[in-house]
Every structure is written in C-alpha cells, then in structure tokens.
Amino acid sequence: MEIRVKCSCGDMCPEWAIVELQGVVEVQPQFQDRLQNLQIGHLCRPSSQEVYTFTVGYHELTGTKVPLKKPLLVLKKVKHPSVDAADSARAELEVIGIIRHKILFKTRPMALISNIPINLIMVITLIVSEPQPTVKGRAGAPDSILSTK
Amino acid sequence: MEQLIHKREMEKPSSGCRGAEAVLNLQSNCSISIAYHPHFGSHNDIMLLEIDEKLLPDILHQRVAIRGQPDEDSVLCTQSKTYALKFVGTSNSVFLIPPSNYSKFSDNTVDCDQKDENQQAVASVIKVAPGSMELTEVAPRLDKLKLLLFENPYRFEEDTEMEDLEATNRRLYKWDDLVDRVQASDDELRSGLQALSAVEIDGFWRVVDEKYMDMMLRMLLHSSVLNDWSLDALNEDEVVNVLQSDGFPCKLAEHCLHVYGSKVNNDGGKSCMWRLNERKVCVHFAREILRDRKMKMESFMEEWMRKIPEGMQASFDMLEGEVLTEKLGVSAWVHAFSVSSLPSSPGERFSILFKERPKWDSKDLQPYIRDLKVPGLSLEGLLLKFTRRTQPTKDAEPVFSAR
C-alpha cells in the first residue's frame with residue numbers, strides 16, 4: 001500500500017513548540033481523569049538570554065532553548081471515506097506543522113522553598129539513573145503506523 | 001512612552017490562550033503558563049518525523065509517500081530514494097504545543113474567552129510525544145519486483161490463446177500495483193524494471209520468457225541475412241514489420257530491439273535506426289547454450305562461436321558475471337551463473353556466492369558484487385563485513401571465504 005504525505009501549507013508550515021524535560025510529570029490521582037485545561041507549570045524567561053525556568057509544583061527546572069539539528073515534522077493521519085468498499089485503507093499523512101526549536105530542561109529539579117501558594121497538583125518524577133535513554137525500534141508496517149492503538 | 005506601556009504589559013502578562021508562538025517568542029522577564037490542552041489526549045494519529053533539511057522541499061511539495069505491505073517494515077520514498085523508517089522512543093516528557101490558530105483544535109479560543117480577563121497567557125500541550133520517527137537511506141527492495149514479474153513471464157501461448165489470458169490476469173501487475181507492492185522510489189522502480197528488461201504490454205509490466213526472446217532474436221538475425229541488413233543500422237520499421245509478419249506482436253518486436261540493441265542517431269529519417277549490441281547478443285547465445293548444463297570449455301567455445309552472427313566477435317571476457325569456470329582434473333568446465341539471478345541484499349548474495357564456491361579470488365568475485373548498493377557502505381566495507389580475506393603470501397592474490 002502507499003500512503004501519500006500531503007502538505008497544504010506550501011512553504012509556510014506553522015511552527016509548533018516542544019517543552020521537554022527529563023522524567024515524567026505526574027498528576028495527583030484525583031485529577032488523573034480530567035487533565036484538560038489543567039495547568040502543568042510556569043515557563044519563565046528571567047533574562048534576555050535563552051535560559052528558561054519551568055516551575056512544576058514545588059520544583060523548578062532550568063533549561064535552554066535549543067535549535068533542533070534536524071527539524072521535526074508534525075504529521076497527522078487523515079482517513080478518507082472510501083468510495084468503494086474494497087479500497088478501505090485509503091489514508092494519507094498530512095503535514096500539520098514543523099518543529100525547529102525546543103525548550104529543553106535536562107537538569108534535576110530544585111526544590112522551591114517558598115511561602116507563596118503553589119500548585120500542588122503536579123509532581124515531577126525523575127528517572128535519575130538513566131539520563132535520556134532511548135528505545136530504538138522498527139517503525140512497523142504502514143498500516144501499523146496509521147493504526148490507532 | 002510607548003516603551004513604558006509595553007514594559008508594563010509584559011510585567012503583567014496579557015490574557016488569553018496562546019500556543020507555540022508564545023513559547024518560542026517568550027520575551028525576557030516574561031512568563032507563560034503551560035497547561036494541558038482542552039483536547040489533550042494520546043492522539044495516536046499525530047506523530048513526529050525527523051527529517052533532513054534537504055528533504056524538506058520534497059515533503060512540502062508533496063513528492064513523498066510511505067510504501068509497504070502489512071507484513072513489511074515501512075519505507076519512505078522520495079522521487080529517487082528510499083528511506084527506512086525507524087521509531088525512536090524517549091523516556092523524557094516531550095510536551096507538544098501547537099500554534100494557537102491550529103484549526104483542528106480551534107474551539108479552544110471559545111474556552112479562553114469564557115475565563116476571566118486577568119488570566120495570564122497560556123500555551124496548551126496537545127499530547128506527550130512518546131518519541132519520533134527517523135529516516136535512514138536504504139537500498140530499494142527490488143528483489144520482490146523480480147519475484148512478482150517472474151510469477152508470470154510473457155510466453156508464446158499468449159500470442160495465440162486469448163481465452164487463457166483472463167485466468168492469468170490475476171497475477172499481472174500494472175505500474176500502480178507495483179508501486180503498491182514494491183518498496184522503492186519511482187526512479188528506482190523504473191530502473192529496476194529496465195534492469196529486468198521488463199516491458200509494458202497492454203498496461204501490464206512483464207518480463208518476457210527467455211525462449212521467446214531467443215526465437216525473436218534468431219528471427220531478426222535470420223531476416224537481416226535474407227534482406228542484407230547491416231546489424232549496425234537496422235531500420236526499426238522494417239524490423240518490426242518483418243517480425244510482425246512472422247507472428248510477433250509489434251510491442252514485442254520493438255522490445256527485442258530495446259533488449260539487444262541501442263538507438264543510433266537518426267539522420268533526419270522518418271524511422272529510427274538501431275545497432276545490435278555485440279556483447280548482449282553474444283551473452284544471449286552463451287546463456288542459451290549453457291541453459292541447464294555444464295560443458296567442457298573447448299566444446300562450449302566451439303558451439304558458441306558457431307552461433308555468433310557473422311560480423312560479431314565473441315570473447316570470453318564478455319561472460320564475466322554470467323559464466324563460471326572450474327577446473328576438474330586437467331580440463332576446464334563452464335556453467336552458467338548469472339549475477340542477475342542473485343538477490344540484491346548483500347547478506348543473501350554472499351551466502352549464495354559461498355554456497356556456489358567456498359573460496360573466491362578477487363577477479364572472479366568482482367563481477368558478482370559490484371552491483372551491490374548499500375547506502376553508506378563501500379564495496380570494501382561490504383567485503384570486510386561479509387567475507388574473510390586471506391592472503392597466503394605477501395605477493396599472492398587475496399582469497400575471500402565465508403565469515
């Protein structure tokens with residue numbers, strides 16, 4: 001099968017952003033089922049340098065804005081209602097955005113000692129022993145790329 | 001004055017939902033709230049693909065596609081190249097933030113308007129990306145093309161028995177069918193078809209049975225003797241006419257010229273002129289002679305020379321990559337072993353080569369491996385990876401055996 005990669009943005013692909021941090025942000029159990037609109041934290045740029053802080057719960061991370069060596073495309077699966085039933089697998093990938101920068105926090109979080117009220121909904125759990133482990137694997141067949149697991 | 005107002009506004013961030021642009025263009029001394037998007041979810045239909053800057057124009061101008069069958073690992077094809085797709089996972093939390101005006105989630109603005117005006121800027125995370133896909137350039141997977149086309153080569157019977165065609169139609173392939181089944185870019189697929197001497201007949205891509213080709217070539221050579229044609233200047237119209245009168249379809253007659261000849265510059269005439277390729281014709285006859293049998297070198301050479309059309313010169317060098325010689329006692333024997341019949345993946349290729357012969361010297365081996373193409377790996381690299389190289393003495397020729 002063939003899945004065409006479509007792009008309707010021409011040369012002006014909308015830029016998306018990534019905020020990346022080591023470890024996992026965990027939500028208090030009572031909020032688990034209603035993440036929508038919930039605040040994760042506060043992103044701050046304290047000076048004119050490309051240094052950022054990210055405050056999550058009572059932790060603060062320090063990081064930088066880094067350009068990606070190779071851009072990342074954001075692709076979205078689009079299924080077309082097929083005209084004939086035998087041709088059910090008609091699908092396309094649409095380019096919906098491009099990512100050229102990310103704000104990367106690779107430091108361990110610092111505990112904030114503060115008397116201001118803070119959001120205690122979020123907790124960062126760090127995977128401390130492995131500094132950015134990656135899992136390489138094959139991408140699988142085209143329909144598995146497109147399947148909604 | 002204006003600056004002052006500007007500054008004040010920045011200290012107290014403006015209200016409303018904003019997306020990626022607010023994060024990427026965050027001014028100094030400013031902050032933004034990062035929140036889960038009203039439509040936050042796993043969004044398995046959204047994925048990230050890392051792409052080389054030089055491939056970007058191909059993508060933006062819609063010249064790429066992902067190809068493969070359900071049981072194969074996907075590849076991404078541009079017009080001319082094939083790339084393997086690999087998923088690279090990460091244990092980091094990768095928060096993906098779309099631009100504010102991203103239409104697919106646009107009702108988000110309504111959500112914001114409902115909130116009180118003192119609310120500060122918010123960038124919304126639509127999903128946490130588990131990783132991204134990466135591309136590695138690979139050789140096209142053309143062995144499957146060979147397999148598909150040789151399921152059903154074009155044979156004599158098809159010229160006459162029309163009713164059987166219906167039954168065999170199921171195993172014939174049009175260009176689009178091949179694109180669907182073969183993991184190669186359009187350019188690579190086209191040169192793959194050419195390398196197999198395939199021809200498009202009634203919309204289906206076919207290879208022509210060797211016996212059929214043999215019959216046509218002999219007929220052509222026979223006619224050129226009868227009509228006193230020069231093998232260096234064959235008139236396409238005349239050749240096709242004669243072959244058609246012998247019962248060969250026009251398309252196949254033309255194909256015969258394509259396979260065994262090359263076009264000569266046309267000096268303004270109406271019809272194309274062709275020159276038969278000496279090597280291709282000679283190799284054809286050697287293959288015919290050695291089909292399914294081993295022969296003593298002398299008897300092979302004798303028969304071969306007899307079959308070569310007049311005006312052509314055969315030499316044994318022409319047969320490299322086609323015929324192997326082995327010494328049995330005092331006499332040399334030859335048998336057919338064609339590089340075109342071997343798989344194109346290096347691992348399988350070397351495995352078959354060493355099954356044929358446990359030890360190869362460099363001169364014999366070269367013709368059987370020089371067509372191997374692995375992006376990022378030279379022929380030397382392939383030899384290092386797949387063979388053991390021994391050199392009995394300093395001046396001796398190296399010998400290659402299985403690892």
Side-chain angles (χ1 to χ4, degrees), chain A residues 1-7 9-11 13-25 35-48 54 70-77 93 95-97 99 101 103 127 130 132-143 145 148-149, chain B residues 20-21 23-24 26-40 44-53 56 59-62 64-74 85-99 102 104 111 123 125 131-133 179-180:
Chain A
M1 71 195 284
E2 187 188 42
I3 299 162
R4 301 296 309 179
V5 179
K6 299 271 284 179
C7 182
C9 37
D11 291 320
C13 240
E15 207 168 334
W16 289 42
I18 282 179
V19 172
E20 181 174 334
L21 50 96
Q22 239 178 312
V24 180
V25 172
L35 291 177
Q36 285 73 12
N37 291 317
L38 206 62
Q39 194 189 58
I40 300 166
H42 243 86
L43 184 70
C44 234
R45 186 178 171 193
S47 70
S48 59
F54 192 31
K70 293 180 183 178
L72 283 168
L73 290 176
V74 187
L75 302 177
K76 187 178 178 10
K77 169 181 71 172
L93 284 173
V95 180
I96 56 173
I99 301 164
H101 294 92
I103 300 183
I127 302 168
E130 295 163 277
Q132 276 189 293
T134 54
V135 192
K136 286 223 177 195
R138 293 184 297 188
D143 58 341
I145 286 179
T148 312
K149 280 159 234 155
Chain B
E21 55 275 53
V23 172
L24 294 170
L26 193 62
Q27 301 299 309
S28 48
N29 302 317
C30 280
S31 75
I32 185 170
S33 167
I34 307 286
Y36 290 108
H37 198 280
H39 295 277
F40 177 83
N44 285 323
D45 55 343
I46 293 179
M47 58 206 97
L48 299 178
L49 173 66
E50 188 192 73
I51 196 124
D52 208 283
E53 200 75 49
L56 214 49
I59 301 251
L60 297 182
H61 296 108
Q62 317 199 57
V64 304
I66 289 171
R67 290 178 180 169
Q69 293 285 295
D71 59 338
E72 294 168 326
D73 292 322
S74 313
L85 274 169
K86 210 180 273 172
F87 181 78
V88 182
T90 175
S91 64
N92 283 1
S93 291
V94 178
F95 294 122
L96 211 54
I97 302 171
Y102 180 54
K104 300 284 193 303
D111 226 36
V125 175
S132 59
M133 315 260 239
V179 164
D180 251 14

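What you see is a predicted model, and the numbers here were worked out from it, not measured in a lab. Letters go in sequence order (proteins before strands), and every chain restarts at 1.
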With a 4.5 angstrom heavy-atom cut-off, which part of [X] approaches chain B: side chain, backbone, both or neither?
X       : result
A/Leu75 : both
A/Ser47 : backbone
A/Pro46 : backbone
A/Val5  : both

Euclidean distance, [Y] [atom2] relative to [X] [atom1], rounded to 0.5 Å:
X       : Y       : atom1 : atom2 : result
B/Ile51 : A/Ile99 : CD1   : CD1   : 13.0 Å
A/Phe54 : B/Ile32 : CZ    : CD1   : 10.5 Å
B/Arg67 : A/Met1  : CZ    : CE    : 12.5 Å
A/Trp16 : B/Ile46 : CH2   : CD1   : 4.5 Å
B/Ile59 : A/Cys7  : CD1   : SG    : 8.5 Å
B/Ile97 : A/Glu15 : CD1   : CD    : 12.0 Å

task: Please determine, among A/Val95, A/Ile103, A/Val74, the option with the most heavy-atom pairs under 4.5 Å with chain B.
output: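 Top option by heavy-atom pairs under 4.5 Å: A/Val74.
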Leading residue by heavy atom contact count with chain A [cutoff under 4.5 Å; candidates B/Leu56, B/Leu26, B/Val23, B/Val179]: B/Leu26
Which heavy atom of [X] sits nearest a heavy atom of [Y], and at what distance?
X       : Y       : answer
B/Pro38 : A/Asn37 : CG-OD1, 3.3 Å
B/His39 : A/Gln36 : N-CG, 4.4 Å
A/Leu35 : B/Phe40 : CD1-CE2, 3.6 Å
A/Glu20 : B/Asn92 : OE2-ND2, 2.8 Å
A/Cys44 : B/Ser31 : SG-CB, 3.4 Å

query: Does any N or O in the side chain of B/Gln62 come within less than 3.5 Å of the main-chain N or O of A/Lys6, such that one atom is a donor and the other an acceptor?
result: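 Not a single qualifying donor-acceptor pair exists.
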message: I'd like to know if the side chain of A/Glu2 and the backbone of B/Asp180 have a donor-acceptor N/O pair within less than 3.5 Å.
response: no
Criterion side chain to side chain contact (heavy atoms under 4.5 Å, CB included) on B/Leu96 and A/Ile18, from CA distance to verdict: CA-CA 5 Å; B/Leu96 211 54; A/Ile18 282 179; 3.7 Å; yes
